[in-house]
Peer 1: 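Right, I'll just put the structure down here and ask away after.
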Amino acid sequence: MPKPGVFDFINKAKWDAWNALGSMPKETARQSYVDLVSSLSSSSMSSSQVKPGADRKQQEYENLVVTSEDGITKIMLNRPTKKNAINTQMYQEIILALKAASKDNSVLTVLTGNGDYYCSGNDLTDFSGITAGEIEEKVKNNLDMLRVFVNSFIDFPKPLIAVVNGPAVGIAVTILGLCDAVYASDRATFHTPFSHLGLSPEGCSSYTFPKIMGPAKAIEMLVFGKKLTAEEACARGLVTEVFPDNTFQKQVWARLKAYSEFPANSIRISKQVIRNMEKEKLYAVNAEECSVLQERLLSNECINAAVNFLSRKAKL
Ligand SMILES: CCCCCC/C=C/C(=O)SCCNC(=O)CCNC(=O)[C@H](O)C(C)(C)COP(=O)(O)OP(=O)(O)OC[C@H]1O[C@@H](n2cnc3c(N)ncnc32)[C@H](O)[C@@H]1OP(=O)(O)O
């Protein structure tokens, strides 16, 4: 039908909605409508029928618990006995979970950790049991995966919030520079011991950290490995706000729930306006960091540090 006039608000809205579907078949459009209504009715039931804390669980993962409730998708790192160290499988699962969250109905996405740690960084046992002949290929594959992992933070289209429930180490800290808000318990610490491990910065931190806190403070963390308290990280602009540990979960989730009630499209678009300008720069920084890290991971300095950790000679 011809496009209704500009003051025929209702018919114009209907016309625009039909038109936006393009050549989508009628059956697909009908199914999308049914899916949308089902999701709305189940989320409106969730506040009254689902007990607090009993979130609706999504896809099963080995190392994550992903739940969605009240417009918030929560991705929880779930290897508490290993302080939530990120192994190869967990990297891949986070990539998948972010992809799914970018397309679901949630307004906000949250990353957090299960147990006393937020995350102890890259799993240092990842290279154990590998023969000398296999190491180069394994390092290359891991670095390809790391690049995709970091790009999935750069590309994430909605506000991504880190709820830092305890100490954070290495890549768990650097990636905070790509998050849109960071709420930390006063028990959390922030440590990037790259030089200690013969490594170099990743997660775009070589670019985001100097921008957030200035080059001198960034070098203190990324090169000299200074461990920050939550208050110090907040003063440097890496953390948005610090909460007392005993009320952390209650206060943060109340805040997030209030934010999740803002208009979803406005929130998403505003985040993109702020972040998109830098995407190309961040892809380039990520690629460069991965290439430097590839050489570092094969260095004696790094291999010795990993051996020391594995033989229990050294911890942070
Ligand atoms: C994909 C490409 C590669 C990217 C490389 C870029 C690197 C990025 C980084 O993240 S560098 C940072 C790496 N992380 C660390 O150096 C931390 C190492 N861990 C520790 O120093 C300590 O475990 C601790 C300070 C985090 C906690 O100490 P403590 O409270 O005394 O607990 P335990 O040491 O007994 O830990 C319990 C349990 O967890 C295991 N574990 C902890 N962290 C890691 C880790 N990063 N990798 C592997 N395993 C870890 C620890 O071994 C214990 O296991 P066990 O009970 O002995 O089986």
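Both counts, for ligands and for their atoms, begin at 1 and track the order of listing. Just so it is clear, the values below take in all heavy atoms, side chains as well, and ignore hydrogens, waters and symmetry mates.
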Peer 1: Which heavy atom of the protein is the closest neighbour of atom 57 (O) of ligand 1, given with residue, atom name and distance?
Peer 2: Arg312 NH2, 2.9 Å
Peer 1: Hey, are Lys257 and Glu261 close enough for a salt bridge, meaning a charged N less than 4.0 Å from a carboxylate O?
Peer 2: yes
Peer 1: Would you say Ile171 and ligand 1 have an N/O pair spaced under 3.5 Å apart?
Peer 2: yes
Peer 1: Please identify which atoms of ligand 1 are closer than 4.0 Å to at least one heavy atom of Tyr91.
Peer 2: 1 (C)
Peer 1: List the closest protein heavy-atom neighbour of atom 58 (O) of ligand 1: residue, atom name, distance to the nearest 0.1 Å.
Peer 2: Lys82 NZ, 2.5 Å
Peer 1: Below 3.5 angstrom, do we get any N/O pair linking Leu124 and ligand 1?
Peer 2: yes
Peer 1: Is the ring pair Phe243/Phe248 parallel, tilted or perpendicular, if the boundaries are 30 and 60 degrees?
Peer 2: tilted
Peer 1: Please determine if Glu301 and Arg296 form a salt bridge, counting it only when a charged side-chain N lies under 4.0 Å from a carboxylate O.
Peer 2: yes
Peer 1: Is Ile269 isolated, or which residues cluster with it under the ILVMFWY side-chain rule of less than 4.5 Å, directly or via members?
Peer 2: Val273
Peer 1: Indicate whether any N or O donor in one side chain lies under 3.5 Å from an N or O acceptor in the other, for Asn286 and Tyr207.
Peer 2: no
Peer 1: Say whether, by atom type as modelled, one donor and one acceptor occur between the side chain of Arg147 and the main chain of Ala287 under 3.5 angstrom.
Peer 2: no
Peer 1: Salt-bridged, Arg187 to Asp116, with N to O below 4.0 Å?
Peer 2: no
Peer 1: Of the choices Leu293, Val150, Asn142, which has the non-hydrogen atom that lies closest to atom 2 (C) of ligand 1?
Peer 2: Asn142
Peer 1: Judged by modelled atom types alone, do Tyr283 and Asp155 share a side-chain donor-acceptor pair under 3.5 Å?
Peer 2: yes
Peer 1: Checking a contact table here: which protein heavy atom is nearest atom 45 (C) of ligand 1, and how many Å away?
Peer 2: Ala85 CB, 3.5 Å
Peer 1: Using a plain distance cutoff, I'd like to know if Thr125 has any nitrogen or oxygen under 3.5 Å from a nitrogen or oxygen of ligand 1.
Peer 2: no
Peer 1: Run the numbers for me: atoms of ligand 1, each under 4.0 Å from some heavy atom of Leu197, listed by number.
Peer 2: 11 (S), 12 (C), 13 (C), 16 (O)
Peer 1: What is the closest protein heavy atom to atom 27 (C) of ligand 1, and at what distance does it sit?
Peer 2: Tyr117 OH, 3.4 Å
Peer 1: Give the residue, atom name and distance (to 0.1 Å) of the protein heavy atom nearest atom 21 (O) of ligand 1.
Peer 2: Leu316 N, 3.0 Å
Peer 1: Mark the output for Phe149 as yes if a heavy-atom distance to ligand 1 is under 4.0 Å, and as no if none is.
Peer 2: no
Peer 1: Check ligand 1 against Gly121 and write out every atom of the ligand that is under 4.0 Å from a heavy-atom position of the residue.
Peer 2: 10 (O)
Peer 1: Between Thr81 and ligand 1, which residue portion shows a heavy-atom distance shorter than 4.0 Å: side chain, backbone, both, or neither?
Peer 2: backbone
Peer 1: For atom 30 (O) of ligand 1, which candidate among His191, His196, Glu289, Lys83 holds the nearest heavy atom?
Peer 2: Lys83
Peer 1: Does any N or O in the side chain of Glu93 come within less than 3.5 Å of the main-chain N or O of Tyr61, such that one atom is a donor and the other an acceptor?
Peer 2: no
Peer 1: For atom 29 (P) of ligand 1, what is the closest protein heavy atom, and at what distance to 0.1 Å?
Peer 2: Lys315 NZ, 3.7 Å
Peer 1: Counting heavy atoms not belonging to Lys217, are there more than 12 under 6.0 Å from its NZ?
Peer 2: no
Peer 1: Among protein heavy atoms, which sits nearest to atom 44 (C) of ligand 1, and what does the distance come to when rounded to 0.1 Å?
Peer 2: Ser120 OG, 3.4 Å
Peer 1: Could you state whether Leu293 and Tyr91 fall into the same hydrophobic cluster, counting links through intermediate Ile, Leu, Val, Met, Phe, Trp or Tyr residues with side-chain heavy atoms under 4.5 angstrom apart?
Peer 2: yes
Peer 1: Mark up the atoms of ligand 1 that fall under 4.0 Å of a heavy atom belonging to Leu199, in ascending order.
Peer 2: 7 (C)
Peer 1: Does atom CD of Glu137 have more than 12 heavy-atom neighbours, drawn from other residues, nucleotides or ligands, at distances under 6.0 Å?
Peer 2: no
Peer 1: Closest non-hydrogen protein atom to atom 18 (C) of ligand 1, residue and atom name please, with distance?
Peer 2: Phe309 CE1, 3.5 Å
